[in-house]
Amino acid sequence: MASKRVWLADRRGTGQYDARYHSTTPAAVPRDVSVLPPRIVLLRHAESQGNVDHRTYAEVPDHRVPLTLRGRAQAGEAGRCIAQAMPRGSKLFFYYSPYRRSRETVQGIRGVLPKSVVRGAQEEVQLREQDFGNFQDEQGKRHEKAERIRFGRFFYRFPNGESGADVYDRITIFEDHLVRDINAGRFAGDTCLCLITHGLTLRIFLMRWFHWTVDEFLDVYNPNNATPVVMERVQSTDDAEPWVHTKSLYRISEESRLLVPGITPKMAQTRSPMGAE
């Protein structure tokens, strides 16, 4: 006797994770956008010792550079700003670079938030700073950065380090997994995301998410340290289009757009054609 196939209801609408939708295919994109995080907040780490004295990188490994006292205060203020940007009653989940200055920024933010607000935190190596090549000799690095201008800032690869294009590749991998988790309802139930990263990595995250060209990216510059850049979830209004990618359901808030030099209104949102990623 043939057994009957039992189809389980979509659990995402009840705030639960549903592994069947851990995908970027059209069928995985939630029709109910309330399943998606209401806000995705990007934050460049607070002021570090390397930001105020570049000689630090010649003696301290990049991943061990700490925040300054001013940076610790900035992290707390960033936490208060993020809390104001979150919808009432929502939770917050952190992804953060493993570099010390990013971890200390997360600690500062969490220190001003009620424990009940924080749903969780996950260290993510792909959110690390661009690799500049181990210890950074000040004179040698000055020469390399001048050479980068002549060669092209996005494609220049630092000796023993990375190019902007290399960072783009690893951020592509990170975003693919992030979108799969979002689609599967990992953050359902009004959970906002906060990504603590670094200046160039933050810009490349936006470049990849909103499909900027290389030329558009080169016109964009870092936001100040500990300045929240908020991506807002929007309601899909294009009824003529049968499917839109999850990424197209977000836009950079107007206030945040003005905090990142070079982002035009057109670059602050995307409407991906069906099937595009």
Side-chain angles (χ1 to χ4, degrees), residues 24 29 33 36-37 39-45 85 95 97 102 124 126-132 145 148-158 161-183 192-225 227-234 236-238 241 243-277:
T24 57
V29 180
V33 297
L36 309 176
R39 304 285 186 273
I40 299 176
V41 182
L42 307 177
L43 190 81
R44 180 186 176 194
H45 61 81
Y95 284 100
S97 159
S102 296
E124 179 51 66
Q126 290 168 325
L127 291 177
R128 70 188 183 275
E129 174 68 287
Q130 178 182 10
D131 291 329
F132 290 102
K145 289 183 176 180
R148 177 177 63 170
I149 297 298
R150 292 190 294 110
F151 186 86
R153 288 188 292 123
F154 185 77
F155 294 107
Y156 179 83
R157 179 177 287 117
F158 287 93
E162 290 181 302
S163 66
D166 294 326
V167 178
Y168 182 96
D169 289 343
R170 59 174 158 91
I171 288 299
T172 295
I173 296 171
F174 171 73
E175 287 191 10
D176 180 78
H177 285 282
L178 179 64
V179 168
R180 289 169 185 266
D181 279 349
I182 289 173
N183 285 347
C192 299
L193 300 181
C194 183
L195 280 56
I196 312 297
T197 183
H198 306 261
L200 179 131
T201 311
L202 183 154
R203 287 184 287 128
I204 287 183
F205 181 97
L206 294 174
M207 176 191 185
R208 188 65 184 89
W209 190 283
F210 293 106
H211 307 291
W212 298 347
T213 66
V214 172
D215 285 343
E216 286 174 326
F217 169 80
L218 292 174
D219 286 335
V220 177
Y221 292 86
N222 289 343
N224 292 332
N225 293 100
T227 299
V229 177
V230 180
M231 294 165 52
E232 303 171 324
R233 183 185 70 203
V234 297
S236 177
T237 57
D238 191 352
E241 191 171 7
W243 173 72
V244 294
H245 195 277
T246 304
K247 290 181 177 182
S248 69
L249 297 173
Y250 288 87
R251 66 184 175 202
I252 303 171
S253 72
E254 180 62 13
E255 180 180 359
S256 291
R257 183 183 72 80
L258 297 175
L259 296 173
V260 187
I263 298 182
T264 66
K266 181 180 177 181
M267 293 165 64
Q269 58 187 331
T270 182
R271 300 299 299 178
S272 300
M274 188 173 69
E277 196 282 325

- Mind checking what makes side-chain contact (heavy atoms from CB on, under 4.5 Å) contact with S163, not counting sequence neighbours? R157, A165, D166
- Task: Taking S256 for its side chain and S253 for its backbone only, find out whether a donor-acceptor pair lies under 3.5 Å.
- Result: no
- Main-chain N/O of P223 paired to R44 side chain as donor or acceptor, under 3.5 Å: yes
- Message: Is there a side-chain contact between I252 and F210 in this structure, where contact means two heavy atoms from C-beta onward sitting under 4.5 Å apart?
- Response: yes
- Expected output: side-chain Y168 to main-chain F154 donor-acceptor under 3.5 Å: no
- Who are the salt bridge (charged side-chain N to carboxylate O under 4.0 Å, His left out) partners of D131, not counting sequence neighbours? R128
- Is there side-chain contact between R203 and F217, with heavy atoms separated by less than 4.5 Å? yes
- Could you list the residues that satisfy salt bridge (charged side-chain N to carboxylate O under 4.0 Å, His left out) with R251, not counting sequence neighbours? E232
- Item | Set of side-chain hydrogen bond (donor to acceptor under 3.5 Å, both in side chains) partners for T197, sequence neighbours left out | none
- So which heavy atom on M231 is nearest to which on L206, and how close? SD-CD2, 4.0 Å
- Query: What's the spacing between T246 OG1 and N183 CG if we round to 0.5 Å?
  - Reply: 3.5 Å
- With sequence neighbours left out, write down each residue that passes salt bridge (charged side-chain N to carboxylate O under 4.0 Å, His left out) with R153, or none if nothing qualifies. none
- If you measure from CG on L195 to OH on Y95, what distance do you get to the nearest 0.5 Å? 8.0 Å
- Message: Can you tell me how far apart CZ (R208) and CD (E175) are? Round to the nearest 0.5 Å.
- Response: 6.5 Å
- Item | Closest approach of L127 to H198 (non-hydrogen atoms, all atoms of both residues) | O-CD2, 3.4 Å
- Item | Counterpart residues, salt bridge (charged side-chain N to carboxylate O under 4.0 Å, His left out), relative to E254 (two or more places apart) | R257
